[in-house]
Enquirer: 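Pasting a structure below so you can have a look.
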Amino acid sequence: VSHKSLNQIHKSKVEPLWKLNFEDYWKEGKQMSVSSASVHPVEAPPPAAAPEATQAPRVRMEDIQGMPATLLGLTLRFFQFFFAAASLSVMASTNDFPSVSAFCYLVAATILQSLWSLALATVDVYAIMVKRSLQNRRLVSLFAIGDGVTSTMTFAAACASAGITVLIDNDLNSCSANHCVQFETSTALAFISWFAALPSFLFNFWSLASSSR
């Protein structure tokens, strides 16, 4: 057999194998391209929200001393009641206070202030004992309105009584015929009661304004 015929036989055996391998690779590549075209992108899930434990704690109004159901709030109520009742007692100990309208107004204002403060002090004692919060919008509104009314009345009555005492003492020079010491003492105690009532009103008004945001 000649060398030329051997080459022809060898080509006839190799070419089908090469063509077969090329056809296999081509089919596999086509299948991969078809399979890759059928894959659709999947959106990543949104990141999970941070747990509440890891978030910074917010300062609540009920945690601030001076609010209802706190020890400082109860202390303010006690001083309001004590000084208002003392002012009422000193003014009522005189027998001629009904002749002056300002002194009568002071008596009425201190009665209202002492009753209001005593009632809220009782509520604070109960809330502290049972560890209950009084940060309800209706309750805070009631406390703010009540403190605003009583403190305003006490302040107005104290100012009016102070004007009368200055008139009797300095202008008329008739303290010897009147109970100027009792009048001045009662007026001073009414002012102290108003000073104790003012923080309670401001705390309640602040709580009401912050809860409405």
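Here the structure is a predicted model, which means the values were calculated and not measured.
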Enquirer: What heavy-atom pair brings Ala157 and Ala109 nearest, and what distance separates the two atoms?
Expert: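 Of all heavy-atom pairs spanning Ala157 and Ala109, the closest is CB-CB, 3.8 Å.
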Enquirer: Rounded to the nearest 0.5 Å, what separates atom NE2 in His179 from atom OG in Ser186?
Expert: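 OG of Ser186 is found 13.0 Å from NE2 of His179.
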Enquirer: What residues, two or more places apart in sequence or in another chain, satisfy side chain to side chain donor-acceptor pair (under 3.5 Å) together with Thr150?
Expert: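 For Thr150 there are no side chain to side chain donor-acceptor pair (under 3.5 Å) partners, ignoring immediate neighbours.
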Enquirer: Give me the atom names and distance for the closest heavy-atom approach of Gln65 to Leu71.
Expert: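 For Gln65 and Leu71, the tightest heavy-atom pair comes out as OE1-N, 3.5 Å.
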Enquirer: In chain order, what residues pass the ring-ring contact (aromatic ring centres under 6.0 Å, His included) check against Phe103, with sequence neighbours excluded?
Expert: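 Only Phe183 meet the ring-ring contact (aromatic ring centres under 6.0 Å, His included) criterion with Phe103.
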Enquirer: Which pair of non-hydrogen atoms, one from Asp124 and one from Ala69, has the smallest distance, and what is that distance?
Expert: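 Where Asp124 meets Ala69 most closely, the heavy atoms are OD1-N, 3.1 Å.
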Enquirer: So which residues get pulled into Met153's cluster when ILVMFWY side chains under 4.5 Å apart are joined, directly or through others?
Expert: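 Listed partners: Tyr105, Leu112, Ile145, Val149.
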Enquirer: Please tell me whether Phe79 and Leu74 are part of a single hydrophobic cluster in this structure, the criterion being side-chain heavy atoms less than 4.5 Å apart.
Expert: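 Not linked; separate clusters.
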Enquirer: Tell me the salt bridge (charged side-chain N to carboxylate O under 4.0 Å, His left out) pairs involving residues 147-162, sequence neighbours left out?
Expert: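 Found Arg77-Asp147.
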Enquirer: Which residue pairs pass the salt bridge (charged side-chain N to carboxylate O under 4.0 Å, His left out) test when at least one of the two sits in residues 80-97, sequence neighbours left out?
Expert: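 Pairs touching residues 80-97 that pass the test: none.
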Enquirer: With sequence neighbours excluded, what pairs up with Thr110 under the side chain to side chain donor-acceptor pair (under 3.5 Å) test?
Expert: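 Side chain to side chain donor-acceptor pair (under 3.5 Å) check on Thr110 returns nothing, list empty.
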Enquirer: Please give me the minimum heavy-atom distance between Leu76 and Ala196, naming the atom from each residue.
Expert: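 Between these two residues, the closest heavy atoms are CD2-O, 3.9 Å.
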Enquirer: Measure the CG-CG distance between Leu139 and Asn204 for me, rounded to the nearest 0.5 Å.
Expert: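 With rounding to 0.5 Å, CG (Leu139) is 10.0 Å from CG (Asn204).
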Enquirer: Are Leu106 and Ser87 packed together at the side-chain level, in the sense that at least one heavy-atom pair is separated by less than 4.5 angstrom?
Expert: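 Yes, close enough: below the 4.5 Å cut-off.
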Enquirer: Considering all heavy atoms of both residues, which atom of Ala144 and which atom of Phe201 are nearest to each other, and what is their separation?
Expert: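 Here Ala144 and Phe201 meet closest at O-CD1, 3.3 Å.
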Enquirer: Applying the 4.5 Å side-chain criterion to the ILVMFWY set and letting contacts propagate, would Leu134 and Leu120 be lumped into a single cluster?
Expert: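 They do share one cluster, since a chain of ILVMFWY contacts under 4.5 Å joins Leu134 to Leu120.
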Enquirer: What side-chain hydrogen bond (donor to acceptor under 3.5 Å, both in side chains) pairs are there with at least one residue in residues 188-203, not counting sequence neighbours?
Expert: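 Listed by first then second residue: Gln80-Ser200.
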Enquirer: Applying side-chain contact (heavy atoms from CB on, under 4.5 Å), name anything that partners Val166, two or more places apart in sequence or on another chain.
Expert: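 Once residues adjacent in sequence are excluded, the partners of Val166 under the side-chain contact (heavy atoms from CB on, under 4.5 Å) criterion are Asn170.
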Enquirer: Would a single hydrophobic cluster contain both Leu88 and Phe82, if residues Ile, Leu, Val, Met, Phe, Trp and Tyr are joined by side-chain heavy-atom contacts under 4.5 Å?
Expert: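 The answer is no; the residues belong to distinct hydrophobic clusters.
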Enquirer: Can you pull out every side-chain hydrogen bond (donor to acceptor under 3.5 Å, both in side chains) where at least one residue sits in residues 151-161? Sequence neighbours excluded, please.
Expert: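 Residue pairs with at least one partner in residues 151-161: Gln113-Thr154.
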Enquirer: Any side-chain heavy atom of Phe155 within less than 4.5 Å of one from Phe191?
Expert: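 Contact flag for Phe155/Phe191 side chains = yes.
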Enquirer: Does Ile168 reach the side chain of Ile164, with side-chain heavy atoms less than 4.5 Å apart?
Expert: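 Yes, side chains in contact.
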Enquirer: Under the criterion side chain to side chain contact (heavy atoms under 4.5 Å, CB included), I'd like the reasoning laid out for Tyr126 against Thr122: C-alpha separation, chi angles, the key distance, then a yes or no.
Expert: CA-CA 6 Å; Tyr126 171 76; Thr122 305; 5.9 Å; no
Enquirer: Tell me every residue that passes disulfide bond (SG atoms under 2.5 Å apart) with Cys159, counting only those two or more places apart in sequence or in another chain.
Expert: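 Result, disulfide bond (SG atoms under 2.5 Å apart) vs Cys159: none returned.
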Enquirer: Identify the two heavy atoms, one from Gln182 and one from Thr94, that lie closest to each other, and give their separation to 0.1 Å.
Expert: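 Taking Gln182 first and Thr94 second, the nearest heavy atoms are CB-CG2, 3.6 Å.
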Enquirer: By the salt bridge (charged side-chain N to carboxylate O under 4.0 Å, His left out) test, which pairs, at least two apart or in different chains, include something from residues 174-191?
Expert: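 Sorted result for residues 174-191: empty, none.
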Enquirer: According to a 4.5 Å side-chain heavy-atom criterion applied to Ile, Leu, Val, Met, Phe, Trp and Tyr, with indirect links allowed, do Val100 and Ile111 form part of one hydrophobic cluster?
Expert: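 Same hydrophobic cluster.
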Enquirer: Is there a path of hydrophobic side-chain contacts, each under 4.5 Å between heavy atoms of I, L, V, M, F, W or Y residues, that connects Val107 with Leu115?
Expert: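 Same hydrophobic cluster.
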Enquirer: Determine which pairs satisfy disulfide (SG to SG under 2.5 Å) with at least one residue from residues 178-207, sequence neighbours left out, and list them in order.
Expert: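 Residue pairs with at least one partner in residues 178-207: Cys175-Cys180.
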Enquirer: If we ignore hydrogens and angles and just use 3.5 Å, is the side chain of Ser207 paired with the main-chain N or O of Phe203 as donor and acceptor?
Expert: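 Pair absent, no side-chain N/O of Ser207 close to backbone of Phe203.
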